[in-house]
Every structure is written in C-alpha cells, then in structure tokens.
Amino acid sequence: MPSPSHRALPRLLLLRCLSSAPRRDHRFLLRFAALAKELSERPQAPPPPSRPRSPHPYDYNRLMTAHAESGDGAGADRALNLLDEMRGLLGRRPDAACFTTAAAALFSSSRPGAALAVLDSMASDGVTPDAAACTVLVGVYACSLHQFAAAYEVVRWMVANGVAPDVVTYSTLISGLCSAGQVAEALGVLDLMLEVGCHPNAYTYTPIMHAYCTSGRIHEAKRLLNTMVASGCAPSTVTYNVLVEALCKVGSFNEVEALLEESSKKEWTPDAITYSSYMNGLCKAGRIDKSFALVDRMLSNGLHPNEVTLNILLDGVCRSSTAWTAKRLLESSAEFGWDANVVNYNTVMTRLCDERKWLGVIKLFADMTKKGIVPNSWTFSIVVHSLCKLGKLRKALCLLGSEDFVATVVTYNTLIRHLSNTGKVNEVFFVLHQMIEEGIAPTDMTYVLVIDCLCREKNFLVAVSCFYRSLEDSFFPSAFLSIVRGLIVGGKLGKDTVKA
DNA sequence: ATAGGGTTAG
C-alpha cells in the first residue's frame with residue numbers, strides 16, 4: 001500500500017471527518033436510491049436545467065418593472081439599484097429591456113438626467129438599443145427636456161440603423177410637442193406617420209386633443225375625435241376624459257351628460273377619472289350638491305371614489321362652505337371607507353390658511369402625523385407659513401432644520417417673505433444663502449423678495465450683488481425690474497450717481 | 001416604451 005502522498009491528504013481528511021460524523025441512517029440511503037432511480041426513469045421531460053444559476057435578465061426586468069410600477073421615485077431608485085447589481089454580475093449582463101425599464105422608471109419620476117445616464121451606460125456596455133430603448137430616449141428629449149432637435153436626431157438614428165420607429169415612438173414625440181404647445185408641429189408628425197404607413201392609435205390622437213382643449217379650441221378637439229372615429233381608430237376612455245374635462249371647464253354640463261349617456265352605445269366605459277373630472281367641474285361652478293350626488297352614481301356603476309375624488313369634494317366644500325366643514329368631512333371620511341392622503345390634508349390646511357385659522361392648521365398637522373400620514377413639502381410650506389403668522393419663527397426654523405423635512409423653493413420663499421415683512425434683513429440674506437447651499441435653485445420670486453427687502457433697508461450694495469447673483473441662474477426680468485425700481489426710489493440712479 | 005383627474009407663498 002503506498003504511503004499517503006500529500007496529494008491524497010484531503011481524501012484522508014475527508015474519511016476522518018466521515019468517521020467522526022454520526023452514523024448515517026441506512027434507510028435514508030435506500031430511499032435516496034429509490035428516488036434517484038425514479039428520476040432517471042422519468043421521460044426526459046423538463047429541460048429547465050437551461051435556467052442559469054444566477055437570475056436571468058428577464059427575472060431582473062420583471063422585478064424592476066414591479067418596483068417601477070410602485071410609482072414613487074423610490075421605485076425608480078430600486079430599479080436603478082437592480083440594474084447596477086446586474087452590471088456587476090459577470091456573465092449576466094443586463095439586456096436592452098433592463099436598461100429600458102430602469103430608464104423609463106426614471107423618466108416617469110421626472111429624472112431625465114438619470115434616465116439619460118442609464119441609456120448612456122447601455123451604450124458604453126455595448127448593448128444595442130432596440131425600438132423601446134430609443135423611444136424612452138425620445139421621451140426624455142421630447143417630453144421632459146423639450147429638446148426636439150435631439151428627439152428628431154434619435155428618430156433619424158433609428159431609421160438609419162434599421163430600428164424602425166413605431167407608433168409608440170411617434171406618439172411619444174407628438175405628446176412632447178403638444179405639451180410644449182407645438183400642436184402644428186405635432187400634426188406634422190401625424191402626417192409623417194400616415195405617409196410612412198404607421199397607423200396612429202388613441203395614444204397618438206389624445207395628446208393633440210388635450211392640447212386643443214387646454215388652448216380653448218374644443219371645437220377642433222371634437223373635430224379630431226370625429227376624424228379618428230372615421231379613420232377607424234377607436235377613442236379610449238382617456239380620450240373621452242380629455243373632452244369631458246374641457247366641456248366642464250366651459251360649463252357645458254349638458255354635453256357631458258350626453259357623452260355619458262351615449263357611452264355604452266359608443267363602446268367606452270367611464271371610469272373614476274371621468275366622474276372626478278365631472279365632479280370637479282361642478283364644484284368649481286358652485287354646484288356642490290350635484291357633485292355629491294355623482295358619488296352615488298359612481299358607486300352604482302361599480303366605481304370606487306378615490307383620494308382625488310375626495311379632494312375635489314373637500315375643495316368644493318371649502319369654497320362653498322367653510323374649511324371647518326371640510327375638516328369634519330375629512331375626519332369622518334374613514335367611516336365611509338375613504339383613506340385620506342396627504343393631499344387631502346393639504347387642501348383643508350390651505351383653506352384654513354385662507355381663513356387665517358393658523359392654529360387650526362397646526363392642530364390638523366398634528367392629527368395627520370398621529371394617523372401616520374407622511375407630510376410632504378407642500379404640507380411643510382403651509383405649516384411654516386402658519387407658524388410664521390403665529391409669530392413662532394423659531395419653531396418654523398426648527399422644523400426647517402429637522403431631518404424628515406423636505407424644503408422646496410416655495411418653503412424658502414414663504415420664509416423669506418415673512419422675514420422681509422418683519423424687517424429681518426440679515427436673516428433674509430442668510431436664508432437665501434442657505435437655500436443655495438442646499439442646492440435649491442431660487443426662483444425669480446426669491447430674488448424679487450430679497451432685492452425689494454434690501455432696497456427698502458437702503459442696503460443697495462448687497463441688493464446689487466444679489467441681482468448679479470441672479471444672473472448666474474438666468475436673466476429674470478422681474479428681478480431686473482426690482483433692482484432698477486429700488487435704485488430709483490432710493491435716489492441711486494440720478495444723473496450724479498450714474499457719473500460717479 | 002406612449003395619452004387623462006385633485007392642493008402651496010401674495
């Protein structure tokens with residue numbers, strides 16, 4: 001017997017481990033053998049061993065889609081994290097669909113820069129974009145950034161590289177053009193589609209109808225609806241909703257009723273948004289009773305009123321009655337199975353502000369946080385405003401410094417306005433600096449508030465430097481007007497001073 | 001991969 005060489009050592013170790021292990025159950029081995037036999041005799045059916053050990057890009061994509069559908073920006077972040085995870089896996093590179101899903105999630109949560117970065121990384125990973133990926137790119141350029149030259153460039157690239165633009169690509173382009181008010185140009189794209197034999201659908205026509213409606217051209221919208229029906233393209237519920245909203249805005253409630261009554265004949269089904277738009281129109285026209293009556297009609301049609309519906313009613317109650325009545329409706333909404341959300345609270349708090357019931361705002365704010373409803377930046381702006389009005393500036397600043405506070409430019413403008421009104425010039429300038437440090441871009445209103453305040457306090461030098469600072473962001477005519485007016489009123493733009 | 005409804009500062 002050969003002496004154990006060092007190559008045999010591991011085997012010896014293994015044997016020693018086995019001998020020290022508890023004795024194996026013999027019956028277990030028999031059962032195992034039987035199972036193995038059964039498996040080997042089975043018809044060579046399922047070929048799933050082709051499934052890779054680490055998740056396939058398809059699985060990742062499904063997971064990313066699920067995250068993206070959860071709506072908020074956090075979903076887009078989770079999709080992005082998954083994409084990065086995949087890119088770190090050897091041999092399991094994300095495919096075009098994965099990049100597209102992540103980019104689309106970022107696009108729809110208003111993060112065009114991040115979406116572009118994802119599509120860039122797709123290119124640098126050597127993944128060839130397909131029509132879907134290119135369409136997201138078109139969407140980013142056309143819908144988010146309104147950079148139409150770049151959007152057209154993408155379409156040209158598609159044509160040149162054999163990735164044919166389809167109805168989704170063209171509809172996306174049309175949607176972007178319409179949202180920028182370029183309806184004529186959008187109609188040009190529609191013509192182009194027809195020329196190249198790409199059939200438009202409801203997604204193509206609806207944005208154009210929407211653009212017509214928002215610019216008060218309802219007649220054109222109706223004519224386009226007729227055109228699409230005549231060309232064999234079925235309008236969707238969304239298409240009709242666009243029309244319903246426009247008719248409500250001009251008070252043509254009879255026409256809305258007619259549309260609803262004909263809906264079954266015309267093969268479309270009104271949904272919660274149809275009724276919400278109708279109810280909103282009625283509330284804004286002061287017909288709150290009729291609006292409430294529509295809740296019953298919704299329910300009898302199997303439609304459940306949602307937070308938006310509730311908000312429309314709350315706003316209606318505020319306008320036709322008092323914020324206090326709305327507050328009672330809000331508080332009893334849970335009994336009707338209505339889950340109030342942050343916007344509902346914001347609506348009532350805003351109206352309490354209108355009625356100068358600052359303490360009521362603070363109480364309602366306390367109520368909502370107690371109920372576990374997470375305040376958003378709108379809530380905080382309203383609360384900061386109310387605290388300022390109550391003379392609790394320190395509390396407002398305290399809130400601003402707290403961790404879960406999401407300040408926006410509106411919050412800062414609110415604070416600056418209050419500091420300016422109470423003559424706290426140093427603080428005004430301090431807050432302006434703080435918001436810039438936080439990466440929140442001041443608006444023209446911010447600069448107007450600060451410049452007016454500084455000029456009133458005869459601090460012209462700092463006012464001018466503030467105007468120069470505004471030029472780093474953009475040229476704001478209103479800020480320019482403020483500084484010129486301030487200098488004139490302060491006697492600093494007379495002939496003598498200009499010479500000096 | 002594309003279209004529609006609700007709320008802020010004075």
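On a predicted model such as this, the values are computed, not experimentally measured, just so you know. To find a chain, count down the sequence lines: A is the first, B the second, and so on, and within it residues start at 1.
Among the atoms of the strands shown, none is found under 4.0 Å from any heavy atom of A:M209. Using a 4.0 Å heavy-atom cutoff across all strands shown, A:N341 reaches at least one base atom of the nucleic acid. Within the 4.0 angstrom heavy-atom criterion, only backbone atoms of the sugar-phosphate kind lie near A:T350; the bases stay farther away. Backbone-only engagement by A:N280 is indicated by non-hydrogen atom pairs under 4.0 Å involving sugar-phosphate atoms exclusively. In this structure, A:D271 reaches the bases: a heavy-atom distance under 4.0 Å links it to at least one base atom across the strands shown. Within the 4.0 angstrom heavy-atom criterion, no nucleotide atom of any strand lies near A:T408. Residue A:T172 is classed as a sugar-phosphate contact, given heavy-atom separations below 4.0 Å to backbone atoms only. A:S236 comes within 4.0 angstrom of a nucleotide base, judged by non-hydrogen atoms across all strands.
For A:K284, the listed nucleotide lying nearest its side chain is B:dT7; candidates were B:dA1, B:dT2, B:dT7. The side chain of A:V343 lies closest to B:dT7, out of B:dT7, B:dA3, B:dA9. Comparing atom distances between the A:T101 side chain and each of B:dG5, B:dA1, B:dA3 picks out B:dA1 as nearest. The nucleotide whose nearest atom lies closest to any side-chain atom of A:S381 is, among B:dT8, B:dT7, B:dA1, B:dT8. Closest to the A:V136 side chain, of the nucleotides B:dT8, B:dA1, B:dA3, is B:dA1. Closest contact between the side chain of A:T309 and the listed nucleotides B:dA3, B:dA9, B:dG5 involves B:dG5. Of the listed nucleotides (B:dT2, B:dG6, B:dA3), B:dA3 has the atom at the smallest distance from the side chain of A:T239. Closest approach to the A:H210 side chain among B:dG5, B:dA1, B:dG10 is made by B:dG5 (side chain taken as heavy atoms from C-beta onward). Candidate nucleotides B:dG5, B:dA3, B:dA9 were compared by shortest atom distance to the side chain of A:I273, and B:dG5 ranks first. Among B:dG10, B:dA3, B:dA1, the nucleotide with an atom closest to any side-chain atom of A:K389 is B:dG10.
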Go through the steps for A:F148 and A:H146 under the test ring-ring contact (aromatic ring centres under 6.0 Å, His included), then give the verdict. CA-CA 6 Å; A:F148 297 110; A:H146 288 178; 5.7 Å; yes
Using the rule given for salt bridge (Lys or Arg N to Asp or Glu O under 4.0 Å), can you reason through A:R319 versus A:D354, listing the C-alpha separation, both sets of side-chain angles and the distance that settles it, and then say yes or no? CA-CA 10 Å; A:R319 288 168 197 276; A:D354 291 345; over 6 Å; no
Let me see the working for A:E355 and A:K327 under salt bridge (Lys or Arg N to Asp or Glu O under 4.0 Å), right down to the final yes or no. CA-CA 13 Å; A:E355 297 174 12; A:K327 184 173 171 280; over 6 Å; no
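Applying the 3.5 Å distance criterion, the base of B:dG5 shares no donor-acceptor pair with the side chain of A:S277. Looking at A:N306, its side chain comes within 3.5 Å of the base of B:dG5 through a donor and an acceptor atom.
Counting to the nearest Å, the P atom of B:dG5 and the CG atom of A:N311 are 14 Å from each other. If you measure from atom CG of A:N346 to atom C1' of B:dA9, you get 14 Å, rounded to the nearest angstrom. For A:N344 and B:dT7, the CG to C1' distance is 9 Å, given to the nearest whole Å. Between the P atom of B:dA3 and the CG atom of A:L243 lies a distance of 19 Å, rounded to the nearest Å. Here B:dT7 presents its C1' atom at 12 Å from CE of A:M368, a figure rounded to the nearest Å. Computed from coordinates, the A:L415 CG to B:dG10 C1' distance equals 15 Å when rounded to whole Å. The distance from atom CG of A:L260 to atom C1' of B:dG5 is 14 Å, rounded to the nearest whole Å. Whole-Å rounding puts the A:N201 CG to B:dT2 P distance at 13 Å.
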Taking Watson-Crick (N1-N3 plus N6-O4 or O6-N4) and G-U wobble (N1-O2, O6-N3), each under 3.5 Å, can you produce the dot-bracket string of DNA chain B? Use [ ] for crossing pairs and | for inter-strand ones. ..........
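Scanning for side chain to side chain contact (heavy atoms under 4.5 Å, CB included) contacts around A:S321 gives A:V317, A:T325, with sequence neighbours left out. Applying the salt bridge (charged side-chain N to carboxylate O under 4.0 Å, His left out) test to A:D452 and every residue at least two apart in sequence or in another chain returns A:R485.
In this pair, A:F365 and A:F380 present their aromatic rings perpendicular. The plane angle is above 60°, beyond the 30 to 60° band.
Contact between the side-chain N/O atoms of A:H418 and the OP1/OP2 oxygens of B:dG10 is not found at any separation under 4.0 Å.
By the 4.0 Å N-to-carboxylate-O rule, A:E427 lies too far from A:K424 to be salt-bridged with it. Note on A:E331 versus A:R328: no salt bridge recorded, every NZ/NE/NH1/NH2 to OD/OE distance being 4.0 Å or above.
In this structure, A:T204 and A:S171 approach most closely via the heavy-atom pair OG1-OG, 2.9 Å.
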